[in-house]
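Below: the structure, in structure tokens.
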Amino acid sequence: MTVCLLLLSVVALTAAVPAPRALTRAAWPERDPVVALWVWQCLVATVLLCCLTALVLGAAAVFHTVRDHVFAPAPPAVTAAYDLSTAPVWAVALTLLLACGAAWTTAMLAREIAEVRRRRGQTRAHLRERAPDLPGGLPEARGPMLVLEDEYPDAWWMPGHPSQLVVTTGALHRLTDHQLDAVLTHERGHARAHHDWLLHLSTALATGFPRIPLFAHFCDQTHRLVELAADDTASRRCGHLTTALALIELNQHRGVLSCASSRRLLGERVDRLLAPPPRLLRRHRALTTTVAALVPLLPLLITFAPGLTALS
């Protein structure tokens, strides 16, 4: 059990500190943001699985009730292989720390879900005021697109049930048909990939553990990479130049090409669309995706290795 906890700690620390810093400095994620998002998710899954499996092993060593439930169906040889009879002091402290971390993570996720529901309710109530239902006898405006009377050019996807694409009349007047198609494709790309789920998860983890490099970088990179991925979806259908012009038209009044830090991502997106980098080769994509998918299996392999060895 002690060796398992030490190995799980090493894997978790490696995935939480040096790995995200190296991934942030790498240049290839800009070439294929979808693969980069997958790698970030696998790193987060690896750390969470390390913490979860270490918590279960530590609790089984510290508390006899947990041990009886976890190892109830296992043969005596498997239980003996984990050497749960005595738990060192540092293992007890680690178990308590992990238990507090698990409770805090659950609280942050619950808080984020409640906050998202509250914001969505407020936004939908605001939209109902600006676009009220039609009187009885007339068809209701419940389609996938909602047009708002507003000279401010804007377009966004409203997640939920039902989900809707909201476009202002200012955007319809400012954009050409091809540019509007690029904007709609961009927003649909967010919806199909469920980018809102990733954004909420990364925000909850970064809020709960702001000093852990993995979660802080995961939040920053997720907000960046989902936009690059949606830009790629739009540019493949409507062209890079059309998508870039649509982005400029929608954000021109916000200073999209300024040097302000809050506008840096918009400027980066425009530059990337005007000079698109080459995508990763297919074999590189497949290799990166496969290796990233195997990394979260390490904590499971470390955890089950003593039991499997005893059975063999």
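Side-chain heavy atoms closer than 4.5 Å link hydrophobic residues (I, L, V, M, F, W, Y) into clusters, and following such links, possibly through other members, connects L199 to L201. There is no path of hydrophobic side-chain contacts, each under 4.5 Å, that joins L13 to V295. Both V3 and L84 belong to a single network of hydrophobic side chains, linked directly or stepwise wherever heavy atoms of I, L, V, M, F, W or Y lie under 4.5 Å apart. Residues M108 and L97 do not share a hydrophobic cluster, clusters being chains of Ile/Leu/Val/Met/Phe/Trp/Tyr side chains in contact below 4.5 Å. L250 is connected to V167 through a chain of hydrophobic side-chain contacts under 4.5 Å among Ile, Leu, Val, Met, Phe, Trp and Tyr, so both are in one cluster.
Looking at heavy atoms from C-beta onward, V17 lies out of side-chain contact with L214 at the 4.5 angstrom threshold. Using a 4.5 Å heavy-atom threshold, the side chains of L205 and S202 count as separate. For the pair L298 and T46, the minimum side-chain heavy-atom distance is 4.5 Å or more. The shortest distance between side-chain heavy atoms of Q122 and H126 does not fall below 4.5 Å. T176 is not listed as a side-chain neighbour of L180, based on a closest heavy-atom distance of 4.5 Å or more. No side-chain heavy atom of E249 sits under 4.5 Å from any side-chain heavy atom of P153. Residues L241 and L245 are in side-chain contact: their nearest non-hydrogen atoms beyond the backbone lie under 4.5 Å apart. Using a 4.5 Å heavy-atom threshold, the side chains of M158 and L127 count as touching.
Put simply, SG on C50 and CG on L55 are 12.5 Å apart, with the number rounded to the nearest 0.5 Å. Atoms CG and CG, from L266 and D271 in turn, are 11.0 Å apart once rounded to the nearest 0.5 Å. The line from CG of D231 to CG of L225 is 11.5 Å long, rounded to the nearest 0.5 Å. For the atom pair CG (L57) and CG (L52), the distance works out to 9.5 Å, reported to the nearest 0.5 Å. To the nearest 0.5 Å, the span separating CZ on R188 from CH2 on W157 amounts to 6.5 Å. Interatomic distance, L48 CG to Q41 CD, rounded to the nearest 0.5 Å: 11.5 Å.
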Verify side-chain contact (heavy atoms from CB on, under 4.5 Å) between C4 and T303, making sure each step is shown before the conclusion.
-> CA-CA 6 Å; C4 290; T303 303; over 6 Å; no
Take L148 and T169 through the test side-chain contact (heavy atoms from CB on, under 4.5 Å) and record every step on the way to the result.
-> CA-CA 6 Å; L148 295 180; T169 53; over 6 Å; no
Side chain to side chain donor-acceptor pair (under 3.5 Å) assessment of Q221 paired with R224 | CA-CA 5 Å; Q221 292 299 312; R224 172 176 173 267; 3.2 Å; yes
Would V70 and V56 satisfy side-chain contact (heavy atoms from CB on, under 4.5 Å), going step by step from the backbone distance to the final call?
-> CA-CA 8 Å; V70 172; V56 172; 4.1 Å; yes
May I have the step-by-step check of side-chain contact (heavy atoms from CB on, under 4.5 Å) for V226 and T222, ending in yes or no?
-> CA-CA 6 Å; V226 295; T222 297; 4.0 Å; yes
Evaluate the criterion salt bridge (charged side-chain N to carboxylate O under 4.0 Å, His left out) for residue pair R174 and D154; output intermediate values, then yes/no.
-> CA-CA 10 Å; R174 186 181 289 263; D154 206 355; over 6 Å; no
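Partner of I302 under the side-chain contact (heavy atoms from CB on, under 4.5 Å) criterion, out of L5, V11, L297: V11 alone.
Dense packing is recorded around CZ of R118, with more than 12 heavy atoms of other residues, nucleotides or ligands lying under 6.0 Å away. No more than 12 heavy-atom neighbours from other residues, nucleotides or ligands sit within 6.0 angstrom of CZ on R111. Taking a 6.0 Å sphere around CZ of R236, one finds it holds more than 12 heavy atoms contributed by other residues, nucleotides or ligands. For CH2 of W28, the number of neighbouring non-hydrogen atoms (other residues, nucleotides, ligands) closer than 6.0 Å is greater than 12.
Sorted pairs that involve residues 101-110 and meet side chain to side chain donor-acceptor pair (under 3.5 Å), not counting sequence neighbours, are lacking altogether. The list of ring pair (Phe, Tyr, Trp, His ring centres under 6.0 Å) pairs with a residue in residues 214-248, not counting sequence neighbours, reads F209-F215. Counting only residues at least two apart or in different chains, ring pair (Phe, Tyr, Trp, His ring centres under 6.0 Å) contacts with residues 39-90 comprise F71-Y82. Residue pairs meeting the salt bridge (charged side-chain N to carboxylate O under 4.0 Å, His left out) criterion with at least one partner in residues 27-51, sequence neighbours excluded, are D32-R279, D32-R285. Residue pairs meeting the ring pair (Phe, Tyr, Trp, His ring centres under 6.0 Å) criterion with at least one partner in residues 182-206, sequence neighbours excluded, are H186-H190, H190-H195, H194-W197.
Listed for the R237 side chain is no donor-acceptor partner under 3.5 Å among the backbone atoms of T185. A donor-acceptor pair is defined here as one N or O able to donate and one able to accept, closer than 3.5 Å; no such pair exists between the side chain of D181 and the backbone of D177. In this structure, T233 contributes its side chain and G189 its backbone to no donor-acceptor pair below 3.5 Å.
The pair E115-R119 meets the salt-bridge criterion, since a charged nitrogen lies less than 4.0 angstrom from a carboxylate oxygen. The residues R272 and D232 are annotated as salt-bridged, a charged nitrogen and a carboxylate oxygen being separated by less than 4.0 angstrom.
The two atoms that bring A81 and A310 nearest to each other are CB-CB, 3.9 Å, heavy atoms only. Here the shortest heavy-atom pairing between C238 and T243 reads CB-OG1, 4.4 Å. Scanning all heavy atoms of the two residues, the minimum distance from N251 to L247 falls at ND2-O, 2.8 Å. In this structure, A19 and L43 approach most closely via the heavy-atom pair CB-CD2, 4.0 Å. Contact detail for P213 and R21: the closest heavy-atom pair is CG-NH2, 3.8 Å. Across all non-hydrogen atoms, the minimal contact from A293 to P296 is O-CD, 3.3 Å.
Listed by chain and number, the residues in a side chain to side chain contact (heavy atoms under 4.5 Å, CB included) with S9 are L94 (sequence neighbours excluded).
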